[in-house]
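Note that these values count all heavy atoms, side chains included, but never hydrogens, waters or copies made by symmetry. Along the sequence shown, residues carry numbers from 1. The structure presented is a predicted model; accordingly, all values stated were derived computationally and were not measured.
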Amino acid sequence: MLTQVSIFIIAIAFAVLVIYLIKTLKAAQGSLDKVTQTLQEVQKTVDELSYEVKQTVRHANDITADVDHKLKQVEPVMESVKNLGEVLSEVTLAAKQASTALMTRLQKARSTASSTSRTEKAIKSTTSNRPLTATERTVQSYNATYGEPAGKPAKNWLGYVDIAAGVWQKMRQ
């Protein structure tokens with residue numbers, strides 16, 4: 001009888017163990033079902049997002065093509081601005097050379113006029129001790145900075161003005 005009671009207790013223990021194993025397996029199955037459902041939702045969201053990303057990339061490509069087209073349209077304007085800057089630089093250089101030549105001529109004319117007459121020499125000797133006016137100081141400073149050497153002939157600044165005028169007329173046409 002002891003064996004029968006032992007077998008009965010073992011059978012009951014086995015049955016209880018099986019019942020708990022079944023409950024555990026059912027809980028695991030429920031968790032796996034939820035994981036499967038979540039993965040399906042994630043896959044659906046990824047599919048929707050990939051469609052949106054593709055649309056965004058297409059839109060960005062369209063915008064890039066539009067910007068490229070507009071930049072190509074603006075390029076001639078920028079080239080014209082560059083040419084205008086070069087022309088203005090040349091005109092400025094020509095004006096600077098013209099003013100230098102004019103100042104040199106004025107000084108030469110002043111020195112020639114003063115050397116021809118004795119009275120002017122006397123006046124010059126009396127005025128050489130007086131301080132220079134603001135205009136005279138400006139002329140001397142300009143000549144010291146931009147004056148051409150005595151042995152170097154003045155450049156043909158009228159040629160530069162003619163070139164600039166021709167370029168300006170071509171640009172206006």
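For the residue pair H59/Q55, the side-chain donor-acceptor check at 3.5 Å is not satisfied. Q29 and D33 share no donor-acceptor pair across their side chains, judged by distance under 3.5 Å alone.
Put simply, V167 and L88 are part of the same group of oily side chains (I, L, V, M, F, W, Y) that touch within less than 4.5 Å, one to the next. The same ILVMFWY cluster, assembled from side-chain heavy atoms under 4.5 Å apart, contains both I63 and L71. Note: the hydrophobic cluster containing I22 also contains F14 (ILVMFWY, side chain heavy atoms under 4.5 Å, direct or indirect links).
Here the NZ atom belonging to K26 is positioned 14.0 Å from the OG atom belonging to S31, to the nearest 0.5 angstrom. Atom CG of residue N61 and atom OG1 of residue T56 lie 11.0 Å apart, to the nearest 0.5 angstrom. Here the OH atom belonging to Y20 is positioned 15.0 Å from the CG atom belonging to L25, to the nearest 0.5 angstrom. L49 CG to K54 NZ: the interatomic distance, rounded to the nearest 0.5 Å, is 12.0 Å.
Looking at heavy atoms from C-beta onward, V74 lies out of side-chain contact with K70 at the 4.5 angstrom threshold. At least one side-chain heavy atom of E79 sits under 4.5 Å from a side-chain heavy atom of K82. The side-chain heavy atoms of K44 and E48, taken from C-beta on, include a pair separated by under 4.5 Å.
In this structure, D62 does not pair ionically with R58, as no charged nitrogen and carboxylate oxygen lie closer than 4.0 Å.
S89 places no side-chain N or O within donor-acceptor distance of the main-chain N or O of G85, the cut-off being under 3.5 Å.
For the pairing with I9, the side-chain contact (heavy atoms from CB on, under 4.5 Å) check across I12, V5, I7 returns one residue only, V5.
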